[in-house]
Amino acid sequence: MRFKLLRSFVRVGELGSITRAASELNIAQPALGLQMRSLEYEFGAQLLIRTSRGVKLTPSGEVVLNWARSIFEQTDKIHQKVRELQGNADVPSVTIGLTPSLTAILARPIVEATLDGNIRVKIVEGTSHSLGEWVNSGRIDIGLGFGSAEAPGLQSVAVMRERLYYLTAPGEGDEPITLAEVLDRPLAVPDDQNSIRPKIEEAASRIDMPVIGTYEIGSMQAAREIARSGRAGAIAPYGGVAVEHRDGSLSVRLIVEPQIERTLYMMRRATESLSDPEIYLSTVLYEGLQSVTRDPEFRDAYTMLDDPRGAANMWESS
């Protein structure tokens, strides 16, 4: 259970309004509403009743609110005691590398997990290919990237499978679309540095169709803008366009027959031992991904490759 999510729930319950809580917490209202639905899904019960005047707690919501308050009281006391014992010890720093689509869904869990200031975290974005190189060179400590993660000195763990989507101008609906239909339309294709490109070409070869790009693009932003304009469709992961899908500014359709999938790897330098902060943040990232795959909105887009060793031991014997 993520503490920041519970803190948001407490403020919603105390204020009786998602709108007011979102403003106070500096969170977009749709995003906060999604967090509340995610929390209800985790508890398996309705916690809030939406009304024309805001929200009110259900009996289950009252129980969760009181429990969350007691948890935070005890947690604050423990953090204060630990800080007193630590004195002025240096705060460790960890650099995490993510692809742009992963930043959209993992930045918040990372921030939530480090709010107490016991770890300084830097998040950098890059292509999957670049992230592997950055881990090897020591520029970043932990990387999450797609595609092959085999390289000397690099330790990697496959953690999640991602399905790709077809993006086009709003109005087409959200029903799945076959790859043959996608390739028969004007298409903006990722450039050679993007790990999506070989996956598209591999899937196209299975149905004996060529990949002909009307445009070649190098960023998620370019994919969104071209698709929104209607000049051509694009292929992208759901995490990078979830906001546009929710607000209706893009049609986002799962590609089928065949589906296009790629595997996400968590990477680190095998030549160095893991520090305690790196172990902690690896667990944060792993559990953040698990949370995404449990969210009803993302369930079709992502599948967790569960590791029987558990998040805390994921690097052992990988």
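Just so it is clear, the model here is predicted, and its values are computed rather than measured. For this chain, numbers begin at 1 and follow the sequence in order.
- Rounding to the nearest 0.5 angstrom, the gap separating the OG atom in Ser17 from the CZ atom in Arg11 is 11.0 Å.
- Between Lys122 and Ile140 the shortest side-chain heavy-atom distance does not fall below 4.5 Å.
- Here Leu179 contributes atom CG and Ile200 contributes atom CD1; the two are 8.5 Å apart, rounded to the nearest 0.5 Å.
- Not a single donor-acceptor pair under 3.5 Å links the side chain of Arg139 to the backbone N or O of Leu131.
- At least one donor-acceptor pair under 3.5 Å links the side chain of Glu40 to the backbone N or O of Leu48.
- The structure places CZ of Arg163 at 7.0 Å from CZ of Arg161, a figure rounded to the nearest 0.5 Å.
- The main-chain N or O of Gln290 is found under 3.5 Å from a side-chain atom of Thr293 such that the two form a donor-acceptor pair.
- A donor-acceptor contact shorter than 3.5 Å links the side chain of Glu181 to the backbone of Thr178.
- No side-chain heavy atom of Val94 sits less than 4.5 Å from a side-chain heavy atom of Arg120.
- Using modelled atom types, no side-chain atom of Ser38 and backbone atom of Leu34 make a donor-acceptor pair closer than 3.5 Å.
- The existence of a salt bridge linking Arg69 and Glu14 is confirmed by a sub-4.0 Å separation between a basic side-chain nitrogen and an acidic carboxylate oxygen.
- Note that CG of Leu285 and CE of Met160 are 11.0 Å apart. Values are rounded to the nearest 0.5 Å.
- Follow the hydrophobic side-chain contacts under 4.5 Å out from Trp67 and you reach Met36 in the same cluster.
- Residues passing the side chain to side chain donor-acceptor pair (under 3.5 Å) test with Thr114: none are found, sequence neighbours excluded.
- Panel note: side chain Ser128, backbone Phe146; a donor-acceptor pair is recorded below 3.5 Å.
- Counting only residues at least two apart or on different chains, the ring pair (Phe, Tyr, Trp, His ring centres under 6.0 Å) pairs with a member in residues 161-218 are Tyr165-Tyr238.
- Within the 4.5 Å cutoff, side-chain heavy atoms of Ile196 are placed close to those of Leu164.
- Judged purely by atom type and a 3.5 angstrom limit, Ser205 has no side-chain atom pairing as donor or acceptor with the backbone of Asp208.
- With rounding to the nearest 0.5 angstrom, the CD atom of Glu216 is 11.5 Å from the CG atom of Leu187.
- No continuous path of ILVMFWY side-chain contacts below 4.5 Å connects Ile18 to Val243, so the two sit in separate hydrophobic clusters.
- Closest heavy-atom contact between Thr214 and Pro186: OG1-CA, 3.5 Å.
- Of all heavy-atom pairs between Arg268 and Ser273, the closest is NH2-C, 3.6 Å.
- The closest side-chain donor-acceptor pair between Thr58 and Gln46, if any, does not fall under 3.5 angstrom.
- Side-chain atoms of Arg269 come within 3.5 Å of backbone N or O of Val135 as a donor-acceptor pair.
- Minimum heavy-atom separation, Phe298 to Arg246: CZ-NH1, 4.4 Å.
- If you check the side chains of Glu244 and Ser249, you find no donor sitting under 3.5 Å from an acceptor.
- Nearest heavy atom pair, residue Leu106 against residue Gly288, reads CD2-C, 3.9 Å.
- Rounded to the nearest 0.5 Å, atoms CG (Leu144) and CE (Met266) are 4.5 Å apart.
- No donor-acceptor distance shorter than 3.5 angstrom exists from the side chain of Asn194 to the backbone of Pro190, with no hydrogens or angles considered.
- A donor-acceptor pair under 3.5 Å is absent between the side-chain atoms of Ser130 and the main chain of Gly126, judged by distance alone.
- When every heavy atom of Ser251 is checked against every heavy atom of Gly171, the shortest pair comes out as OG-N, 3.2 Å.
- Considering only heavy atoms from C-beta on, Val189 stays 4.5 Å or farther from Ile235 through its side chain.
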